[in-house]
Each structure stands twice: as structure tokens, then as C-alpha cells.
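What follows is a single structure, written as C-alpha cells, with notes after it.
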Amino acid sequence: MDAISVIRAKRDRNRLTDAQIDWVVDAYTRGEVADEQMSALAMAILLNGMDRAEIARWTAAMIASGERMDFSSLPRPTADKHSTGGVGDKITLPLAPLVAACGAAVPQLSGRGLGHTGGTLDKLESIPGWRALLSNREMLDVLRDVGSVICAAGDGLAPADRKLYALRDVTGTVESIPLIASSIMSKKIAEGTGSLVLDVKAGSGAFMKNAEDARELAATMVGLGTDHGVRTVALLTDMSTPLGLTAGNALEVRESVEVLAGGGPADVVELTLALAREMLDAAGLPDADPAKALADGSAMDHWRRMIAAQGGDPDAPLPVARDRHVVTAPASGILTGLDAYAVGVAAWRLGAGRARKEDPVQAGAGVELHAKPGAAVTAGQPLLTLHTDTPEKFGYAVEALEGAVAVAEPGTAYEPTPVVLDRIA
Ligand code: URA
């Protein structure tokens with residue numbers, strides 16, 4: 001077997017055989033297939049696609065490149081959630097302790113932000129003392145004691161994906177449904193969860209800009225999970241405007257704590273409860289009542305124990321950025337659009353995100369929204385507050401927001417986009 005014949009096969013629109021897939025994924029992980037060869041193959045896959053059997057084999061080969069975790073010793077059923085990523089998507093923070101409060105175990109292996117989408121670990125690291133890196137033993141201990149854990153995935157999980165994802169990131173080959181589906185599902189299946197709920201986002205702030213592509217990605221991932229014995233369901237959700245009223249690390253932790261305290265923005269609460277119900281259903285706990293767990297403080301209690309178990313102080317004040325800049329409404333009328341991608345890029349430029357994976361992030365940086373689409377606004381009223389420790393970036397962030405705000409004539413009818421667009425099982 002050699003890399004060139006595998007690249008040529010996909011370049012010429014042929015199916016890859018099982019043997020070709022097994023070999024190329026393994027040889028790439030071992031360093032026998034060079035980065036430039038895998039880049040060419042990834043581009044050929046992006047351009048010419050893979051069928052369902054090829055995607056399944058590719059996913060299995062990536063799972064086989066590393067270890068598989070085993071949660072069968074836990075007394076509770078396991079349920080996990082994965083979001084394809086968006087702007088202001090802090091849902092994992094309230095969701096994991098909420099689902100644990102309802103009786104499931106939630107092993108939430110999360111990532112850091114890259115580009116305009118935030119990362120769950122970056123958000124939690126704004127809590128003084130909190131540690132993302134746990135050994136497998138520590139992770140199991142927190143799961144057993146608290147019921148939920150949010151931590152970094154260890155190096156041993158799907159190492160083929162770790163290498164390939166870094167390569168795709170710099171070769172323009174991220175936006176391929178077969179490659180995204182196999183990347184996400186190889187990690188989730190190797191992690192060993194019994195059930196999985198996918199939050200597949202569609203809109204300007206997501207990888208998939210339109211609902212059709214998002215639906216195809218969701219169906220592909222549901223098929224992969226089901227074929228591997230993981231009860232998998234996907235919700236297709238809106239990412240045309242940011243989720244909630246904040247985008248940025250400490251700002252999003254603050255909003256998540258508001259949700260756990262029984263308040264918070266309506267869209268964040270709605271999506272948290274929708275995903276919690278799906279996770280509990282998939283875990284075989286359909287009678288659990290997540291709305292009650294938010295209202296009676298038991299979800300908050302689990303949050304505090306989860307943060308403390310990973311070295312964090314849930315009572316410590318969160319970092320606040322040194323400087324602020326207010327963006328005002330350009331006209332009076334009905335706010336009909338506040339573009340998720342533009343807000344994500346602005347938050348990133350203010351210091352909330354990173355351009356390269358080794359870059360630091362600012363805990364306090366980000367964007368706070370004072371109105372959501374559908375609201376009546378008056379010219380000159382504060383619409384957004386930008387937060388940063390590096391005020392020289394304000395101009396650059398404001399530039400990202402050009403054209404992001406749409407205000408229609410007063411009295412214009414506004415049809416809100418639902419938070420949950422579809423369910424795929
Ligand atoms: N997240 C992943 O883990 N992989 C992708 O390919 C895209 C998003």
C-alpha cells in the first residue's frame with residue numbers, strides 16, 4: 001500500500017477500500033504518511049466526498065488509533081452532549097451539572113476555542129483555580145463523586161484525529177461533512193459514553209451556514225453513533241445570532257451561573273432544557289424533571305461541587321476586563337438581525353479567542369448584548385458593550401461588526417427564528 005495510490009483513488013472519485021482506509025489512517029498516525037500527503041487526501045475527500053460505508057470505516061480507523069475509555073463501573077447511565085460550535089454557546093456549563101442533578105453521569109470531554117467560536121475549557125479557566133487537565137483516574141473520581149465532569153480529552157483518545165484536525169485547520173479542509181462527522185464521532189465513541197446528544201448548529205456563526213448542510217451532518221453523525229451502539233440523537237439549532245447575551249469567557253460563565261440560579265436569557269434556558277431532556281431520555285431517565293432541578297437549586301449545587309472538585313472556587317469573583325466601549329443602535333425601529341459570526345469575530349479580536357492554539361486568551365474579554373433580534377430599539381441606545389484588556393483592539397473589533405446590525409422601520413412584523421429547528425434520530 002502507498003499514499004500516492006490512495007490519494008489518486010479519491011482524486012479520481014473512486015471509493016476507498018477498507019484496506020486503504022485502515023492503512024492510510026494508521027500510517028499517518030505513525031508518521032509514515034507525510035503531512036503533505038494527508039493534506040492532498042483531505043482535500044480530495046473535501047472535493048469528492050465519501051459514502052456512508054467509507055465514513056464508517058474512516059471513523060473506526062480513527063477510533064482504533066488510540067485508547068477507548070470505559071465508564072461501565074459507574075452506577076449511573078452515561079450521557080454526553082457535543083455541540084458543533086457557535087458564538088455564545090455556553091450551554092455545556094449549565095447542562096452538565098443539570099443532567100447530573102437528574103441522575104445521569106456526564107463525562108464531558110471538551111476543547112478550546114479556535115477562531116471565532118469559543119471553547120468550553122477557556123470559559124471555565126476564567127474561574128480562579130479551576131483545572132482542565134485531569135488524569136483518567138481523577139476524571140472517573142469526579143464523575144463518581146459529583147456526577148459530571150468537564151475536562152480536556154487526554155492525548156490517548158483518537159490521536160489520528162488530533163493530528164488530522166490540526167492539519168485540516170491550516171489547509172482549508174475543515175468544512176467537509178465526512179471529515180467533520182468522523183472527527184467528532186471518533187472522539188465521542190472512543191470516550192465510551194452510552195448515549196450522545198448532538199447540538200448541530202446552522203447559521204452564520206456555525207461551520208454549517210445553512211440548515212440543509214447541517215441536517216446532512218447531523219444525519220451522518222447519528223448514523224455513525226447508532227452503528228457503534230451509542231444511542232445518538234441530534235437537535236438542529238439556530239446559530240444566526242449569538243446564544244444568550246454574552247460571548248467571551250468570564251462573561252459566559254457569569255451568564256451560565258445566572259441560568260443555574262433559575263434566571264438567565266430565555267434562549268439559553270430553552271436550549272439547555274431541550275438538550276437536558278434529550279440526554280435524560282437517551283440515558284433511560286425519561287421521568288427526570290430538569291426544569292425542577294434548575295428551579296430548586298440542585299443543578300446549582302452540582303455546579304458548585306463540580307467546580308470545587310477540579311480546584312476552582314465557585315465563590316471567587318470572575319475576572320473583569322479593564323476597558324469597555326459601547327456600540328449604539330444606528331436607528332430607531334425593530335432589531336431584525338445581530339449577526340453571530342460578526343459578534344464572534346469581534347469577541348475574538350478583543351482577546352476572547354486565539355488565532356493559534358498556543359496563544360493565550362483574555363478571561364474578561366468579549367461582547368455583551370443589550371438587545372436581541374425582535375426588540376424595539378431607539379437610535380443611540382447601547383446595543384453592545386465590548387470588553388477588553390487591550391483597548392487598542394476596539395477599532396478592529398468595531399470593524400468586524402460593520403453590517404452586523406439590522407434595524408427595520410418601527411412596527412415591522414418580526415418572525416423569530418426558533419432556537420431548535422429540527423430533531424434527527
Ligand atoms: N469539531 C471537531 O472535533 N472536529 C471537526 O472536524 C469539527 C469540529
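Remember, it's 1-based here, ligands and their atoms both numbered in the order they're listed. Note that these values count all heavy atoms, side chains included, but never hydrogens, waters or copies made by symmetry.
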Should R131 and E138 count as side-chain neighbours, where that means a heavy-atom distance under 4.5 Å? yes

Please say which of Q20, R57, M62 ends up in a side-chain contact (heavy atoms from CB on, under 4.5 Å) with V25. M62

Under 3.5 Å donor-acceptor, K90 side chain and N249 backbone: no

So, T417 and D238: side-chain donor and acceptor under 3.5 Å apart, yes or no? no

Checking side-chain hydrogen bond (donor to acceptor under 3.5 Å, both in side chains) between K188 and each of D80, T59, T193, which is the one that passes? D80

Write out the protein residues near ligand 1, meaning a non-hydrogen atom under 4.0 Å from one of its atoms, in order of chain and number. Y165, R168, I180, S183, I184, K187, F207

If we count only N and O atoms by modelled type, under 3.5 Å, do the side chains of S186 and D161 hold a donor and an acceptor together? no

